[in-house]
Amino acid sequence: VRSAKRNKTFSMGMFQPLTQLELVATTPKRAGLSVLKSAKIIHPYTNITTDIAKSSICMFLAEVLRSVLKEEEENTSLYHFLEHSLIWLDTHDKTANVHLYFLTQLTKYLGFYPDVSAISNPYFDVQNGQFCEHENSKECVSGEEVILLKSYLGTKFDALDTILATTEQRRALLRIMMRYYELHVQSFRMPKSLDVLYEVFS
């Protein structure tokens, strides 16, 4: 869509990372960028833009989504997941688990959700997305981070507050999840805001 920066009818505050907008645009018959006609905020956030932790999460998730979402066709279930996730983030105070839970659940819509049929096993094979009994490759991980991953796989948003973990455990699992995305998403780019997220939750 053609940039709206020069159009005084649009506030640039509307275009902050992961703001939910309803857009109307026209596409020229000849090849070229669409022209933005109108933009309306669907779900006004109450504090995402002013809460440093929440805005940092949004910046990070926006980078991840920009890297992994390639399809152009309609995907209603993915849209509803994103919509619900952002509204939940905006309306809840305890957010330390949100980005990790989001990353694990997003894999459902990207086609590489971990195979949980053997979730009781102690190792997680990052390459194949499976839990295994033995360390069978250099991409296998174990320990507290795998236990934490299992917690995110077996819960829902409303139970995130019950998942207890240290800052270092969450940081270690985030590194594992970034490696998981690297292995399963072609041309995945490591988010530049990752260090900011580490700092906010340190």
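Quick caveat: nothing in here was measured; it's all calculated off a predicted structure. No hydrogens, no waters, no symmetry mates; every other heavy atom, side chains included, goes into these values. This chain uses plain numbering: 1 for the first residue, then up along the sequence.
- Ring geometry for Tyr101 versus Phe157: interplanar angle over 60°, hence perpendicular rather than tilted (30 to 60°).
- Looking only at side-chain heavy atoms (C-beta outward), Ser85 and Val98 stay at 4.5 Å or farther from each other.
- A salt bridge is defined here as a Lys NZ or Arg NE, NH1 or NH2 lying under 4.0 Å from an Asp or Glu carboxylate O, and Arg179 with Glu139 meets this definition.
- Contact check for Leu174 versus His99: side-chain heavy atoms found under the 4.5 Å cut-off.
- Residues Ile57 and Val200 are not in side-chain contact: their nearest non-hydrogen atoms beyond the backbone lie 4.5 Å or more apart.
- A 4.5 Å side-chain heavy-atom check between Asp115 and Asn128 finds every atom pair outside the cut-off.
- Looking only at side-chain heavy atoms (C-beta outward), Ile176 and Val146 stay at 4.5 Å or farther from each other.
- A cation-pi arrangement is absent between Arg171 and Phe201, since the terminal nitrogen or guanidinium carbon is not both under 6.0 Å from the aromatic centre and inside a 45° cone about the axis.
- Ring geometry for Phe124 against Tyr180 counts as perpendicular: the plane angle is over 60°, on a 0 to 90° scale with 30° as the lower cut.
- Of the listed residues (Asn47, Thr95, Thr46), just one forms a side-chain hydrogen bond (donor to acceptor under 3.5 Å, both in side chains) with Lys54, and that residue is Asn47.
- Inspection of the Gln127 and Ser137 side chains reveals no N or O donor paired with an N or O acceptor under 3.5 Å.
- Side-chain atoms of Leu103 and Met178, non-hydrogen and from C-beta on, do get closer than 4.5 Å to each other.
- Here the side chains of Leu160 and Tyr152 are in contact, with some heavy-atom distance below 4.5 Å.
- Atom-to-atom distance recorded for Gln169:CD and Ile163:CD1 is 12.0 Å, nearest 0.5 angstrom.
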